[in-house]
Amino acid sequence: MKQLSILSAFLILFGCNAQKKEKMQIIEKKEDVGTIVLVMAKTKPEYSKEKIINLSEAIDPMVDKFDGYLGRKMLFSNNEPDLMGDIVYYTNVKAFEDASEIEMKSEICQAFFATMIPDPETSKMLITSPLIMTTPKQGDTKVVELVLFKTKPEFNKNQVIDAAKNINPILEKHKGYISRKLSITDDGQWMDVVYWSDLESAKKASKHILEDVVAQKYFAMIDETTMAFYHFNVVIDTER
């Protein structure tokens with residue numbers, strides 16, 4: 001299980017003038033997301049949702065200090081109350097690995113991990129590299145639409161990326177859409193994450209997009225036997 005926060009960097013711009021002293025300007029800049037980690041698990045029945053959230057929030061002050069940690073979104077399934085998800089953002093995979101080593105020794109983290117059922121059938125951990133990340137529109141993300149899949153063997157990665165990009169203008173037209181991140185693991189597991197302001201907008205858009213001719217070219221590349229589709233409600237959001 002991994003979690004994240006925000007890092008700030010400074011971009012130094014130099015401006016020269018023949019008649020004046022050289023000046024230096026410092027601009028705050030958010031570092032780029034280079035690794036996205038998904039953790040999904042069923043939670044133990046003896047832990048209430050509120051208790052799990054409290055245990056998870058207790059971790060944030062620690063992980064906020066990690067180098068390369070850029071925040072996270074903690075989620076609960078809209079349809080399965082005991083299905084929890086955590087999407088965590090890092091600058092690179094080494095930042096994730098360094099954070100994991102510290103977390104596994106932390107009593108605070110262990111208390112949170114103890115709320116999860118260690119079942120390989122229902123638990124997932126994906127370490128992915130982002131391929132598409134759109135600029136967020138204004139609004140608060142309350143719902144995350146998550147699609148996990150592998151593609152049919154006749155399509156290569158670049159073909160899938162190109163087809164996926166063609167959906168972005170379609171998403172932009174829908175009320176409640178905020179942003180999207182498409183990423184992939186080293187072994188070809190894709191993760192398509194779309195942020196929405198509310199569940200009604202997400203469901204309405206999904207129905208229309210499934211019927212769109214352009215979007216169908218992307219969906220045709222997906223091996224449907226590997227696909228899993230979820231709507232999650234956001235309960236903690238520290239992504240910057």
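Keep in mind the model is a prediction, meaning the values are calculated, not measured.
In terms of modelled atom types and a separation under 3.5 Å, the side chain of Glu101 and the main chain of Asp98 share no donor-acceptor contact. Judged purely by atom type and a 3.5 angstrom limit, Lys44 uses its side chain to pair as donor or acceptor with the backbone of Ala114. Of the possible donor and acceptor atoms, one in the side chain of Thr128 sits under 3.5 Å from a partner among the backbone N and O of Ile36. Listed for the Ser123 side chain is a donor-acceptor partner under 3.5 Å among the backbone atoms of Ile117. When atom types are taken as modelled, the side chain of Lys137 and the backbone of Glu172 share a donor-acceptor pair closer than 3.5 angstrom. At distances below 3.5 Å, at least one donor-acceptor pair connects side-chain atoms of Thr185 with backbone N or O atoms of Gln189. Counting only distance, with no hydrogens or angles, the side chain of Thr226 and the backbone of Asp223 share a donor-acceptor pair below 3.5 Å. Checked by atom type and distance alone, the side chain of Lys152 pairs as donor or acceptor with a backbone atom of Ala220 at under 3.5 Å.
Arg72 pairs with exactly one of Asp86, Asp237, Asp64 by the salt bridge (Lys or Arg N to Asp or Glu O under 4.0 Å) rule, that one being Asp86. Each of Leu83, Val144, Val143, Asn233 was checked for a side-chain contact (heavy atoms from CB on, under 4.5 Å) with Asn78, and the lone residue meeting it is Asn233.
Residues Leu126 and Val39 are not in side-chain contact: their nearest non-hydrogen atoms beyond the backbone lie 4.5 Å or more apart. Counting heavy atoms from C-beta outward, Ile87 and Met74 have side chains that stay 4.5 Å or more apart. Under the 4.5 Å side-chain criterion, counting only non-hydrogen atoms from C-beta, Met133 is not in contact with Ser183. Between Glu97 and Tyr90, every side-chain heavy-atom pair lies at or beyond the 4.5 Å cut-off. Counting heavy atoms from C-beta on, the side chains of Phe112 and Ile52 come closer than 4.5 Å. Looking at Thr141 and Ser197, their side chains never come closer than 4.5 Å, going by heavy atoms from C-beta outward. Between His231 and Trp196, every side-chain heavy-atom pair lies at or beyond the 4.5 Å cut-off. In this structure the side chain of Lys42 reaches within 4.5 angstrom of the side chain of Glu80, judged on heavy atoms.
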Determine whether Lys73 and Val193 satisfy the following criterion, side chain to side chain contact (heavy atoms under 4.5 Å, CB included), listing intermediate values before the conclusion. CA-CA 11 Å; Lys73 282 181 166 61; Val193 181; over 6 Å; no

Evaluate side chain to side chain contact (heavy atoms under 4.5 Å, CB included) for Phe219 paired with Ile209, printing each intermediate quantity in order. CA-CA 10 Å; Phe219 301 141; Ile209 292 170; 3.7 Å; yes

The test is side chain to side chain contact (heavy atoms under 4.5 Å, CB included); show your working for Val234 and Phe76 and say whether it passes. CA-CA 7 Å; Val234 178; Phe76 273 95; over 6 Å; no

Given side chain to side chain contact (heavy atoms under 4.5 Å, CB included), test Thr238 with Asp60 step by step and report yes or no. CA-CA 9 Å; Thr238 64; Asp60 284 334; 4.1 Å; yes

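By the neighbour-count criterion of 12 heavy atoms within 6.0 Å, atom NZ of Lys94 is sparsely surrounded, having that number or fewer from other residues, nucleotides or ligands. More than 12 heavy atoms of other residues, nucleotides or ligands sit less than 6.0 Å from atom CD of Glu154. Residue Lys204 qualifies as open at atom NZ: its count of foreign heavy atoms under 6.0 Å is 12 or below. In Asp119, the CG atom is crowded: over 12 heavy atoms of neighbouring residues, nucleotides or ligands sit closer than 6.0 Å. Shown here is Glu46, whose CD atom has more than 12 heavy atoms of other residues, nucleotides or ligands within 6.0 Å.
Phe96 and Ile59 fall within the same hydrophobic cluster, defined by Ile, Leu, Val, Met, Phe, Trp and Tyr side-chain heavy atoms under 4.5 Å apart, directly or through other members. In terms of hydrophobic clustering, with Ile, Leu, Val, Met, Phe, Trp and Tyr side chains grouped at heavy-atom distances under 4.5 Å, Ile184 and Met40 are assigned to different clusters. Cluster membership check: Phe66 shares its hydrophobic cluster with Phe113, using side-chain heavy-atom separations under 4.5 Å among Ile, Leu, Val, Met, Phe, Trp and Tyr.
Atoms CG and CZ, on Asn79 and Phe232 in that order, are 9.5 Å from each other to the nearest 0.5 Å. Of the inter-residue distances, the one linking Ser56 atom OG with Ile108 atom CD1 reads 11.5 Å to the nearest 0.5 angstrom. For the atom pair CD1 (Ile161) and CD1 (Ile132), the distance works out to 6.5 Å, reported to the nearest 0.5 Å.
Contact between Glu145 and Ser206 at its shortest, heavy atoms only, is OE1-OG, 2.7 Å. Between Trp190 and Lys157, the shortest heavy-atom distance links the atoms CH2-CG, 3.7 Å. Of all heavy-atom pairs spanning Val214 and Asp212, the tightest one is N-OD1, 2.8 Å. For the pair Gly68 and Ala95, the tightest heavy-atom approach, listed with the atom from each and the gap, is CA-CB, 3.8 Å. Nearest heavy atoms, Thr35 versus Pro130: N-CD, 4.1 Å. Nearest heavy atoms, Gly188 versus Lys150: O-CG, 3.5 Å.
In this structure, Lys181 forms no cation-pi arrangement with Tyr195, as its terminal cationic atom is not both closer than 6.0 Å to the ring centre and no more than 45° off the ring axis. Remark: Arg180 qualifies as a cation-pi partner of Tyr218 under the 6.0 Å distance and 45° angle criteria applied to the six-membered ring.
With respect to the salt-bridge test (charged N to carboxylate O, under 4.0 angstrom), the residues Asp198 and Lys142 do not qualify.
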